[in-house]
Every structure is written in C-alpha cells, then in structure tokens.
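Quick notes on the structure that follows.
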Amino acid sequence: KAVHNGADDNATGTAAVIELARRFASRDKKPARRMVFIGFTGEERGLLGSNHYIANPLLPLEDTIAMANFDMIGNLRDEGLQVGGVRTGKEFAGLVDKVVNEGSIKVNTSLPMGGSDHSGFYRKGIPVVFFHTGLTDLYHTPDDDFETINVDGVVQTIDFAERLLDEFVSMPERPELVEGVGRRPRRRGAMAYLGIVPDYSETDGGLKLSEVSEDGPAAKGGLKAGDIITQFAETSVADIQGLSTGLRKHMPGETIEITVKRGEEEVKLEVTLGRPPSRNGG
C-alpha cells in the first residue's frame, strides 16, 4: 500500500527508449531502415501491451526484422550488461562481439530468453535482443527509487545499444531467424502439453486463446484461436492458473474433455494431451 516508483523497473528502460529515439531522430542522416520506438504497458499483467501491438501492428510484422527490449537497465555491475536473445538471430552474436570490441562495456550473452515483451515478437518469427542489468533486493519494493540507480551504467548501456542498433539497421539483408531458442527439455513430472498461447488481455469467463499451435494436441482436438476455455476435464478454468491446475492433474496420452465458448455457442471437444519438446506456451 506504498508508492512504488519503479525507477529500475522500468523507468530506466523507458528512459533508454526515449533517449535512443532522440539520438536517432537528431541525426543529419536518416537510418537506412525504419525504426519504431514503443513503450508497452501491462507487461507484468500478461504482456498486454506488446501482445496488443502484435495483434494490431502499426507496420506489418513481416516487415519487422528485429525487436530490442529494454527491461531494467538501472544497476550495471561487475558482471556486466546482460543481453538475452542473441542466439535468435544467426548474425547477432557476431554483431554483438563487434560492438563490444569497439567499446569498454562488459557484456554477458548467457542470459536466458525470459518472458518480457520481446517473447511475443520471437514467437511471430522476429529475432530479438533483451537488455537487462539483473535483479536487486529493491525489485518490486517502494525503495526502487532514483537514488539507487547507477546512472553512468544506464548511459553506458544506451551507448552500447545505440551502436548495436546501428549494426542492425545497416544489415544489407534481414537477420536469419534461429528457431527453438530458450526451449528446455521436458522434465520428469512436468505438466502435460496442450499447444496453445493464451490471450491475457481477455479475462472474462474463461481463458481465451490467441493462438493454437499447428499440429499440437489442441489443434488436433478442434480448438481454435478465439476459443475461450471454461472447463478442462473436471477443472473449471477462469484464467491461466486454472488451466495449469487442470494440466497438472493429467498425463500425456490421456484424452480429456475440454469445454470452450465459441462466440455464443458452448462446444465440448475431446483432446489427447501430448508431450512437449519445450515449456513454451501451455
């Protein structure tokens, strides 16, 4: 019940986007490629803003060659700037190395993909990079305030990002997407696989599906994008937690009944749960 100013999470990322927009806009020569600077809202409520943009893009997603996400860059420390997603573009590692060698900032590219605003773009076939300086004890507390920010580190991060974005913009061809980055092998005891992507922006009366994976268990059972799951076998579904509860109660290979709302119609479908190659999606 206290004010959380969120200086690191994520005023620093917002400041980076604004400053990079200012720098590129103030140049005498325009970039060789169009650059779009966006601040997404609702990330921690389920990537609401970025998913809305993906569903309603200002410019065609097929013309978007890369996405750079700035989420918490206010505490640069000895371990350096963390840049995730580098493996999503075949050429990205070489470009990062080139920029690192030209400057003085230490960069760590072992950061996992993570589930921030870049994840939906990657799911749509767009290579991504994710700038981050790590969590602190102030994360999600009222003490995350300006006085705690490593301002010099923020500037170093923005300088590095500007040089890297210059490399992206100057690429003669679009980067080659590398699929499957961030996927983990299925663990013993992990929940069964359905093959859907939830639409977190719709929470009324069930779990709406924004995507259904082609040839996945859900698609084979007849589920479609836009369906709202209200019942998963014996488990009522009001949100993603309800679906997760239902999935944990059943094993891969089991055939269960799923009830969905499709328009004004209630539809009951039989779905045989699968074994996923990853934990992406539900």
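For Phe92 and Phe168, the ring centers are positioned less than 6.0 Å apart.
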In sequence, state the C-alpha distance, the side-chain angles, and the governing distance for Asn69 and Val128, and then conclude on side chain to side chain contact (heavy atoms under 4.5 Å, CB included).
CA-CA 8 Å; Asn69 184 22; Val128 299; over 6 Å; no

Salt bridge (Lys or Arg N to Asp or Glu O under 4.0 Å) evaluation trace for Glu79 with Lys106:
CA-CA 7 Å; Glu79 55 266 36; Lys106 181 179 178 181; over 6 Å; no

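Through side-chain heavy atoms spaced under 4.5 Å, either directly or across other Ile, Leu, Val, Met, Phe, Trp or Tyr residues, Tyr139 is tied to Met72, Leu135.
Under the 3.5 Å distance criterion, with hydrogens and angles disregarded, a donor-acceptor pair is assigned to the side chains of Ser50 and Asp117. Asn75 and Asp8 are linked by a side-chain donor-acceptor pair at a separation below 3.5 angstrom, with hydrogens and angles left out of the test. Checked by atom type, the side-chain pair Lys220/Thr272 shows no donor-acceptor distance below 3.5 Å.
Ile18 and Phe70 are assigned to two separate hydrophobic clusters, defined by single-linkage of ILVMFWY side chains at heavy-atom distances under 4.5 Å. Hydrophobic clustering keeps Ile65 apart from Val99 (ILVMFWY residues linked when any side-chain heavy atoms are closer than 4.5 Å, directly or through intermediates).
Environment of CD in Glu147: crowded, with over 12 heavy atoms of neighbouring residues, nucleotides or ligands closer than 6.0 Å. The local environment of CD in Glu270 is sparse, with at most 12 non-hydrogen atoms from other residues, nucleotides or ligands closer than 6.0 Å. Atom CZ of Arg34 is surrounded by 12 or fewer heavy atoms from other residues, nucleotides or ligands within 6.0 Å.
Remark: Glu162 engages Arg23, Arg27 in a salt bridge (charged side-chain N to carboxylate O under 4.0 Å, His left out) (not counting sequence neighbours).
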